[in-house]
Participant: 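Before we start, here is the structure in question, set down as structure tokens.
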Amino acid sequence: MKKRTVIGIIAGIVVLPLAACAILIGLHSNKGTIEAESAFRASADIAADTTHFFDSEAVALADTSGDTASLRSEALRAYNMVNEIREKNKLKPLKWDPNLESTSDVRAKECNQVFSHTRPNNTPWYTVNSDIMGGENLAYGYVNASEVLDGWMASPTHRENILFPDFSKISLSVYVADDGTYFWAQEFGY
């Protein structure tokens with residue numbers, strides 16, 4: 001009986017600190033996506049919506065952001081990777097949409113304030129422009145297109161948006177916060 005107690009104590013000394021470290025690492029992950037919130041609107045929902053949202057002030061600010069060429073280049077690289085993934089899955093490619101780019105610029109910047117499909121003003125993500133926004137994928141901490149696409153494709157809800165056959169338009173934006181964190185917004189339209 002004494003031998004089992006000693007083994008239990010030794011196991012507790014080794015296992016509990018390891019478990020605590022794993023929990024802390026999970027809580028302080030420097031990369032992430034959002035699983036629990038809905039970021040999809042059917043085209044019928046958009047067409048039937050009698051209230052139209054357009055946040056012209058946010059879009060105007062996003063259009064004057066002065067994003068660097070390298071960030072836009074990485075967003076375009078992610079766009080090309082999305083179309084490669086869709087092609088492998090026998091889906092039509094998505095077209096880059098400049099109107100969606102304005103909305104993805106807004107959303108990438110807003111995620112620095114609140115990383116959520118709810119905007120900082122407590123309205124749903126699609127209120128940037130409800131007439132064109134059909135789906136949204138968000139991520140933070142990924143520094144390049146390959147990483148963020150791997151993260152989105154590993155997530156069932158994000159993968160579903162990327163492979164949704166009815167989407168025809170897309171845009172991606174990357175915003176780097178003052179602390180160096182990368183925020184990604186991927187917007188889809190019909």
Side-chain angles (χ1 to χ4, degrees), residues 21-41 45 53-68 70-79 81-82 85 94 97 99-130 132-164 167 169-189:
C21 286
I23 290 168
L24 287 174
I25 289 168
L27 290 175
H28 297 289
S29 175
N30 61 354
K31 294 181 182 172
T33 59
I34 301 172
E35 283 294 332
E37 298 179 52
S38 176
F40 176 83
R41 299 173 66 223
D45 294 336
F53 298 96
F54 180 67
D55 191 339
S56 58
E57 185 176 320
V59 170
L61 288 172
D63 288 342
T64 60
S65 63
D67 288 335
T68 67
S70 64
L71 291 178
R72 186 152 197 281
S73 175
E74 205 58 28
L76 291 171
R77 196 166 88 87
Y79 161 68
M81 292 174 72
V82 165
I85 291 167
L94 300 173
D97 186 278
N99 293 316
L100 279 174
E101 185 175 11
S102 294
T103 65
S104 64
D105 285 350
V106 170
R107 294 297 296 131
K109 287 179 182 165
E110 289 180 344
C111 284
N112 180 40
Q113 297 171 48
V114 178
F115 187 70
S116 172
H117 291 297
T118 300
R119 299 178 63 204
N121 65 3
N122 284 327
T123 61
W125 57 275
Y126 58 83
T127 59
V128 177
N129 189 337
S130 64
I132 64 171
M133 297 174 77
E136 173 175 89
N137 286 345
L138 302 175
Y140 72 92
Y142 300 96
V143 297
N144 63 51
S146 297
E147 284 185 1
V148 77
L149 258 296
D150 287 346
W152 280 331
M153 291 305 288
S155 157
T157 56
H158 297 88
R159 179 184 177 87
E160 188 177 338
N161 271 347
I162 290 170
L163 297 177
F164 188 65
F167 287 143
K169 302 173 186 176
I170 189 174
S171 164
L172 291 103
S173 294
V174 187
Y175 174 74
V176 181
D178 291 340
D179 68 359
T181 303
Y182 284 64
F183 290 93
W184 295 76
Q186 182 179 49
E187 303 301 329
F188 300 92

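The chain is numbered in sequence order, starting from 1.
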Participant: Indicate the atoms forming the closest heavy-atom contact of Ala108 with Ser173, along with that distance.
Facilitator: CB-O, 3.9 Å
Participant: Is the side chain of Tyr182 donor-acceptor paired with the backbone N or O of Ala139 at a distance under 3.5 Å, no angle test?
Facilitator: no
Participant: Would you say the side chain of Glu110 lies within less than 4.5 Å of the side chain of Trp125, judging by non-hydrogen atoms?
Facilitator: no
Participant: Once side-chain contact (heavy atoms from CB on, under 4.5 Å) is applied, do any residues pair with Ile85, and if so which ones, sequence neighbours excluded?
Facilitator: Asn89, Leu149, Met153, Ile162, Leu163
Participant: Applying side chain to side chain donor-acceptor pair (under 3.5 Å), name anything that partners Asn112, two or more places apart in sequence or on another chain.
Facilitator: none
Participant: Looking at every non-hydrogen atom in both residues, tell me the closest pair between Trp184 and Ala75 and how far apart they are.
Facilitator: CZ3-CA, 4.4 Å
Participant: Once rounded to the nearest 0.5 Å, what's the spacing between atom CG of Asp105 and atom CG of Leu172?
Facilitator: 10.5 Å
Participant: Atom CZ of Arg119 and atom CD of Gln113: how far apart are they, to the nearest 0.5 Å?
Facilitator: 9.5 Å
Participant: What pairs meet the salt bridge (charged side-chain N to carboxylate O under 4.0 Å, His left out) rule with one or both residues in residues 170-183, with sequence neighbours excluded?
Facilitator: none
Participant: Taking atom OG1 of Thr103 and atom CG of Asn129, what is their separation to the nearest 0.5 Å?
Facilitator: 7.0 Å
Participant: If you round to the nearest 0.5 Å, how far is OG of Ser155 from CG of Asp150?
Facilitator: 12.5 Å
Participant: Set out, in order, the CA-CA distance, both residues' side-chain angles and the distance that settles side-chain contact (heavy atoms from CB on, under 4.5 Å) for Ile170 and Leu100, then state yes or no.
Facilitator: CA-CA 7 Å; Ile170 189 174; Leu100 279 174; 5.5 Å; no
Participant: Per the salt bridge (charged side-chain N to carboxylate O under 4.0 Å, His left out) rule, what does the pair list look like for residues 134-146, sequence neighbours excluded?
Facilitator: Arg107-Glu136
Participant: If only atom types and distance count, is the side chain of Trp152 paired as donor or acceptor with the main-chain N or O of Thr157 below 3.5 Å?
Facilitator: no
Participant: Run the side chain to side chain donor-acceptor pair (under 3.5 Å) test against Arg159 and tell me which residues pass, sequence neighbours left out.
Facilitator: none
Participant: State which residues pass ring pair (Phe, Tyr, Trp, His ring centres under 6.0 Å) with Phe188; sequence neighbours excluded, sorted by chain then number.
Facilitator: Phe167
Participant: Please name the pair of heavy atoms, one in Tyr142 and one in Gly151, separated by the smallest distance, quoted to 0.1 Å.
Facilitator: OH-CA, 3.8 Å
Participant: Sequence neighbours left out, what passes side-chain contact (heavy atoms from CB on, under 4.5 Å) with Ser73? Give chain and number order.
Facilitator: none
Participant: Can you confirm whether the side chains of Asp97 and Ser171 place a donor and an acceptor under 3.5 Å from each other?
Facilitator: no
Participant: Kindly say whether Pro124 contributes a backbone atom to a donor-acceptor pair with the side chain of Thr127 at under 3.5 angstrom?
Facilitator: yes
Participant: Can you name the side-chain contact (heavy atoms from CB on, under 4.5 Å) partners of Asn122, sequence neighbours left out?
Facilitator: Thr118
Participant: Is any side-chain heavy atom of Arg77 less than 4.5 Å from a side-chain heavy atom of Ser146?
Facilitator: yes
Participant: What's the spacing between Glu74 CD and Met81 CE if we round to 0.5 Å?
Facilitator: 8.5 Å
Participant: Quick one: salt bridge (charged side-chain N to carboxylate O under 4.0 Å, His left out) partners of Glu147, sequence neighbours excluded?
Facilitator: Lys31
Participant: Under 3.5 Å, side chain of Asn137 to main-chain N/O of Gln186, donor-acceptor pair present?
Facilitator: no
Participant: To the nearest 0.5 Å, how far apart are CE in Met133 and CG in Asn99?
Facilitator: 11.5 Å
